[in-house]
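Below: one structure, written as structure tokens.
In what follows, every chain begins at residue 1, and chains take the letters A, B, ... in the order their sequences are listed. Just so we're clear, the structure is a prediction, and the values are computed from it rather than from any experiment.
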Number of protein chains: 2
Amino acid sequence: MSGERGGLGPPQTLKLNATAASVLGLLHRGPMTGWDVARLAEVGLGDFWNVTQSQVYRELRNLEALGLVVAGPAGRRDKKPYAITDSGRDAFAVWIRREPGADLIRSPLLLMVFFGSHLDPAHRQRFLAIQRLRHEQTLDEYRRILDQVVHDEPDLAKVLQFAVFHEQAVLQWFAWLEHEERPG
Amino acid sequence: MSGERGGLGPPQTLKLNATAASVLGLLHRGPMTGWDVARLAEVGLGDFWNVTQSQVYRELRNLEALGLVVAGPAGRRDKKPYAITDSGRDAFAVWIRREPGADLIRSPLLLMVFFGSHLDPAHRQRFLAIQRLRHEQTLDEYRRILDQVVHDEPDLAKVLQFAVFHEQAVLQWFAWLEHEERPG
DNA sequence: CTGGGCATGTAACTCGTTACATGATTAG
DNA sequence: CTAATCATGTAACGAGTTACATGCCCAG
């Protein structure tokens with residue numbers, strides 16, 4: 001009864017959360033310090049799976065405790081390079097076979113629109129204009145990066161292509177909104 | 001030094017988080033129990049600003065402590081209707097004037113695609129097919145609801161229209177992906 | 001050799017999720 | 001009357017965010 005997972009036997013069913021799994025995934029590229037993992041996560045997953053530095057460090061500590069990564073000898077400062085272990089690779093392989101869950105979107109902008117009647121039109125339109133501009137820039141940015149990586153990193157390119165379609169949809173919506181507000 | 005916010009003077013700059021603000025926003029429609037707020041949040045904000053029951057209850061407690069809502073007399077069971085106060089209205093009005101921040105998207109699907117090379121093609125395609133189907137259904141659903149509310153609830157309709165554009169973009173991406181995988 | 005920014009990591013806090021408890025209401 | 005489901009709420013946990021500490025490196 002007590003000690004149902006007391007330490008003996010390989011933990012068959014350890015459940016990795018998605019953030020931990022991402023860290024493991026990135027470590028497939030070779031040993032890295034927490035800082036580097038965080039940076040890679042930011043550029044690669046960027047806007048579709050946000051991971052902060054602190055999370056990375058926490059997960060690395062957890063993963064080490066589980067034996068899924070090992071820390072190499074600390075270099076300058078505390079700089080510890082972590083490397084994925086074989087169990088780590090196994091755990092990741094198991095994780096990535098689960099069917100992916102539903103997307104989570106959290107949009108302050110849509111929240112604002114939903115409560116739009118509580119906001120005077122001037123404010124509303126100003127906010128919309130700002131956001132629209134921002135999304136236009138974001139779209140350009142995605143297109144630029146996509147061009148750069150399209151040949152070398154096909155998986156990243158797929159993600160970026162999603163980003164492009166998504167941003168286009170957002171802009172389409174802005175256009176539609178303006179058309180709506182017009183007639184009066 | 002001690003007690004920088006010790007209790008005297010109106011808390012000019014109390015910072016409402018977005019979830020608390022949503023609760024206040026919904027309470028503009030009239031007094032409601034936590035359950036009702038949660039239900040409204042789910043149908044209205046639904047997929048673009050997720051709010052769970054527990055959060056609602058917690059925020060209601062906080063808001064009451066701050067004097068932004070008041071609880072009426074408990075009815076059957078613990079059923080407590082909460083009503084927004086004048087300070088509540090003020091706080092909400094202040095909140096909704098802040099410029100909305102960036103969207104947060106957290107997509108297990110894109111995570112999977114990003115790590116796609118670690119997954120065998122069979123799995124990958126199966127997952128994509130499942131998700132695609134799901135998004136097709138979701139789009140239909142949004143269109144249906146949009147039709148229902150388009151006349152009575154313009155703000156909700158705007159949100160739903162966004163949902164439709166978004167889902168269309170997702171489907172566009174799926175189509176593009178298949179086209180990509182094809183040639184070999 | 002010093003001051004500012006970058007690299008590296010930890011700690012504390014807030015928020016979101018999951019699990020649970022229990023009274024009402026309805027179907028059979 | 002009893003079982004199932006719905007309504008209502010609390011508690012505990014896990015994940016995400018913000019704030020901080022401190023060593024390294026380079027420009028002046």
Side-chain angles (χ1 to χ4, degrees), chain A residues 5 14-24 31-43 45-66 69 71-82 95 101-108 111, chain B residues 4-5 14-23 31-43 45-66 69 71-82 95 101-108 111:
Chain A
R5 180 71 86 64
L14 57 85
K15 47 182 173 188
L16 233 35
N17 70 26
T19 299
S22 308
V23 171
L24 278 183
M32 264 183 280
T33 154
W35 177 267
D36 293 327
V37 173
R39 206 159 36 82
L40 261 186
E42 193 181 337
V43 308
L45 308 172
D47 295 328
F48 300 102
W49 194 271
N50 195 37
V51 174
T52 64
Q53 241 177 299
S54 293
Q55 281 174 280
V56 170
Y57 287 115
R58 187 161 52 195
E59 294 303 345
L60 281 173
R61 267 174 278 160
N62 293 348
L63 291 171
E64 187 178 19
L66 293 171
V69 304
R76 288 295 169 95
R77 186 166 166 44
D78 305 354
K79 188 166 176 157
K80 269 192 284 186
Y82 285 91
W95 176 81
D103 291 359
L104 175 71
I105 302 184
R106 194 153 261 250
S107 171
L111 201 51
Chain B
E4 194 172 3
R5 180 70 87 64
L14 58 85
K15 47 183 173 188
L16 232 35
N17 69 27
T19 300
S22 309
V23 170
M32 264 183 279
T33 153
W35 177 266
D36 294 326
V37 173
R39 206 159 36 82
L40 261 187
E42 193 182 336
V43 307
L45 308 173
D47 294 328
F48 300 102
W49 195 269
N50 195 37
V51 175
T52 63
Q53 240 178 300
S54 293
Q55 281 174 280
V56 170
Y57 287 116
R58 187 162 51 196
E59 296 302 346
L60 281 172
R61 268 174 278 161
N62 294 348
L63 291 171
E64 187 178 18
L66 293 171
V69 305
R76 286 294 170 96
R77 185 168 167 42
D78 305 354
K79 186 165 178 158
K80 269 192 285 186
Y82 285 90
W95 176 81
D103 290 0
L104 175 71
I105 302 183
R106 194 152 261 250
S107 169
L111 201 51

**Message:** Just to be sure I understand the rule, does A/Arg61 reach a base, reach only the sugar-phosphate, or reach nothing, if contact means heavy atoms closer than 4.0 Å?
**Reply:** sugar-phosphate
**Prompt:** Looking at the side chain of B/Lys80, which of D/dG9, D/dG16, C/dT8 is the nearest nucleotide?
**Reply:** D/dG9
**Prompt:** Whole-Å distance between D/dC13 C1' and A/Arg58 CZ?
**Reply:** 12 Å
**Message:** Please determine whether any donor N or O and acceptor N or O are separated by less than 3.5 Å between the side chain of B/Thr52 and the base of C/dT18.
**Reply:** no
**A/Leu111 vs B/Leu45 side-chain heavy atoms within contact, under 4.5 Å** = yes
**Spacing of A/Trp35 atom CH2 relative to C/dT10 atom P, expressed in whole Å** = 14 Å
**Message:** Using whole Å, what does the distance between atom C1' of nucleotide D/dA7 and atom CD of B/Glu42 come to?
**Reply:** 14 Å
**Complete:** Of the listed D/dT17, D/dG9, C/dA19, the closest approach to the B/Thr33 side chain comes from D/dG9
**Request:** Name the closest nucleotide to the B/Gln55 side chain, picking from C/dG16, D/dA19, C/dT8.
**Result:** C/dG16
**Prompt:** Hey, does the side-chain of A/Thr19 have a donor or acceptor N/O within less than 3.5 Å of a partner on the base of D/dA15?
**Reply:** no
**Asked** Within this structure, what is the CD-to-C1' distance between A/Glu59 and D/dT17, rounded to whole angstrom?
**Response** 14 Å
**Fill in**
Side-chain contact check for B/Tyr57: nearest option of C/dG9, D/dT17, D/dT10 is D/dT10
**Short side-chain N/O contact from A/Asn50 to OP1 or OP2 of D/dA15, under 4.0 Å** = no
**Request:** Rounded off to whole Å, could you give me the CZ-to-C1' distance for the A/Arg106 and C/dG16 pair?
**Result:** 7 Å
